[in-house]
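These values consider heavy atoms only, across backbone and side chains, with no hydrogens, waters or symmetry-generated copies. The structure displayed is predicted, hence computed values, not measured ones.
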There are 2 protein chains.
Amino acid sequence: MPRAVAGPEIERLIQLLARVPGLGPRSARRAALHLIKKREQLMSPLASAFEEVLGKISTCRVCGNIDVRDPCSICVDETRDPTLLVVVADVSDLWALERAGAINARYHVLGGTLSPLDGIGPEDLNLKTLIERAHDGTVKEVLLALGATVDGQTTAHYVTEMLRDSGVAVTRLAHGVPVGGELDYLDEGTLAAAIKARTSL
Amino acid sequence: MPRAVAGPEIERLIQLLARVPGLGPRSARRAALHLIKKREQLMSPLASAFEEVLGKISTCRVCGNIDVRDPCSICVDETRDPTLLVVVADVSDLWALERAGAINARYHVLGGTLSPLDGIGPEDLNLKTLIERAHDGTVKEVLLALGATVDGQTTAHYVTEMLRDSGVAVTRLAHGVPVGGELDYLDEGTLAAAIKARTSL
């Protein structure tokens with residue numbers, strides 16, 4: 001606990017800012033001072049943005065995404081391919097895929113991955129609605145966009161088994177060399193996967 | 001401008017967070033998602049802290065410090081030595097000195113340093129009240145806690161000249177080896193200053 005340098009109201013602001021990911025105790029002070037100096041241009045709009053999000057935000061009952069409307073903007077977007085369902089562990093993964101702009105599909109957010117060590121079992125994930133959506137007659141493919149980690153792969157395996165009798169195709173992201181990646185920095189597992197899945201030119 | 005990944009309200013929150021020092025476009029997304037997930041524990045208290053600070057914050061009319069009261073907590077603190085006035089360029093410097101806890105004095109915040117290149121002249125700094133305070137009969141010493149930069153030293157020189165006839169002692173921070181600092185990483189100027197100001201053991 002660093003020494004208080006300002007009145008309790010400003011110290012409280014600094015302490016709260018220090019809990020924002022990306023900011024530490026030192027940068028929280030810098031951020032607080034900047035916010036105070038730019039209170040008209042930044043702190044006040046940020047306070048309004050907080051209030052707006054706080055008042056409206058909810059979890060989409062269809063896909064588990066976070067949005068200010070329910071169903072979320074993606075679920076009601078008619079321009080998206082309704083036959084492809086992309087399964088992600090977290091909203092941050094959904095955002096990453098949307099940022100890439102490589103796919104125009106709907107999503108299903110599990111809310112985590114199976115992790116026996118952390119006590120996260122199937123009942124803790126958003127799986128029930130995934131089964132319902134996979135059986136709705138419209139979905140033809142479920143793409144498991146899960147991390148290439150033990151937990152991610154365990155979850156992928158579980159979901160694949162779960163959807164075995166559903167009649168939908170279950171796919172996963174390709175493993176391989178990251179674009180821009182140098183071979184000599186890559187681990188053996190990735191290199192082996194990239195060799196196995198090599199494509200002809 | 002990265003691709004929008006969420007509704008306009010959340011995108012606006014991300015854009016505002018990206019303007020907080022310490023956060024960039026990428027970490028702003030992570031911060032926004034964390035704030036949304038921890039909305040009860042973090043976003044809501046932060047919104048209240050913003051509102052509280054926004055409603056009360058002001059610049060101390062005595063010293064130029066930023067606080068939710070005017071005069072500020074430091075100026076009204078009777079336990080502080082009233083004979084010593086520490087002159088700093090910015091509130092962040094005041095906070096740094098308070099964090100160090102090495103001095104129990106009052107402050108005077110100039111609001112910047114003289115910088116002809118940036119068009120900052122004496123009339124842009126909080127100098128008028130400094131002269132008044134130095135002449136109030138109570139202050140015996142004015143410690144110039146300004147950076148060892150060209151602008152900082154120019155300002156120190158200017159303030160020293162300005163207070164020449166005031167009868168108060170004008171001092172500056174010592175130059176020398178930073179505590180914990182390695183000699184071979186230090187610049188020649190600092191080493192020369194440290195040698196010149198050497199003390200006997």
Side-chain angles (χ1 to χ4, degrees), chain A residues 2-10 12-13 15-17 19-24 26-54 56-57 65-69 72-74 90-92 94-101, chain B residues 2-10 12-13 15-17 19-24 26-54 56-57 65-69 72-74 90-92 94-101:
Chain A
R3 198 167 181 268
V5 296
E9 297 83 358
I10 297 177
R12 174 157 171 73
L13 175 64
Q15 279 168 32
L16 287 167
L17 285 171
R19 285 166 53 198
V20 174
L23 297 177
R26 191 174 274 263
S27 47
R29 283 180 192 284
R30 204 158 53 92
L33 197 56
H34 184 83
L35 284 165
I36 289 169
K37 285 184 180 171
K38 305 269 177 191
R39 49 191 177 275
E40 293 308 319
Q41 306 98 305
L42 188 54
M43 200 201 271
S44 182
L46 204 46
S48 312
F50 280 180
E51 292 299 342
E52 176 141 6
V53 167
L54 279 167
K56 292 193 195 167
I57 201 92
N65 187 17
I66 281 169
D67 202 355
V68 293
R69 47 194 68 77
C72 76
S73 325
I74 292 177
D90 195 89
V91 175
S92 58
L94 185 160
W95 285 7
L97 289 166
E98 283 294 290
R99 221 151 51 224
Chain B
R3 197 167 180 267
V5 296
E9 296 85 357
I10 296 177
R12 174 157 172 74
L13 175 64
Q15 279 168 32
L16 287 166
L17 284 171
R19 286 167 52 198
V20 174
L23 297 177
R26 191 173 274 264
S27 46
R29 285 180 190 282
R30 203 157 54 92
L33 196 57
H34 185 83
L35 284 164
I36 289 169
K37 286 184 179 170
K38 304 267 177 193
R39 48 190 176 274
E40 292 308 318
Q41 305 99 305
L42 188 54
M43 200 202 271
S44 182
L46 204 45
S48 313
F50 279 179
E51 292 300 342
E52 177 141 4
V53 167
L54 279 167
K56 292 193 197 166
I57 201 92
N65 187 17
I66 280 169
D67 202 356
V68 292
R69 48 194 67 77
C72 75
S73 324
I74 292 177
D90 195 89
V91 175
S92 57
L94 186 160
W95 285 8
L97 288 167
E98 283 295 291
R99 219 152 52 225

Apply side-chain contact (heavy atoms from CB on, under 4.5 Å) to residues A:L16 and B:L42 and explain how you reach the verdict.
CA-CA 7 Å; A:L16 287 167; B:L42 188 54; 4.1 Å; yes
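Here the side chains of A:I10 and B:I66 are in contact, with some heavy-atom distance below 4.5 Å. The side-chain heavy atoms of B:I74 and B:D67, taken from C-beta on, include no pair separated by under 4.5 Å. A heavy-atom distance below 4.5 Å is found between the side chains of A:R99 and B:R29. The side-chain heavy atoms of B:K56 and A:E9, taken from C-beta on, include a pair separated by under 4.5 Å.
Counting only distance, with no hydrogens or angles, the side chain of B:R19 and the backbone of A:Q41 share a donor-acceptor pair below 3.5 Å.
Interface remark: of the candidates A:A47, A:A49, A:S73, A:A47 forms the most heavy-atom pairs closer than 4.5 Å to chain B. Counting heavy-atom pairs closer than 4.5 Å to chain A, the top-ranked of the candidates B:V91, B:L17, B:I36 is B:I36. Of the listed residues (B:L35, B:L23, B:L54, B:V20), the greatest number of heavy-atom pairs within a distance under 4.5 Å of chain A belongs to B:L54. Contact count against chain A (heavy-atom pairs under 4.5 Å) is highest for B:A31 among B:A28, B:S27, B:A31. Contact count against chain B (heavy-atom pairs under 4.5 Å) is highest for A:K37 among A:E40, A:R12, A:K37.
Both the backbone and the side chain of B:S44 come within contact range of chain A, with heavy atoms under 4.5 Å apart. Only the side chain of B:V53 comes within contact range of chain A, with at least one heavy atom under 4.5 Å from a heavy atom of that chain.
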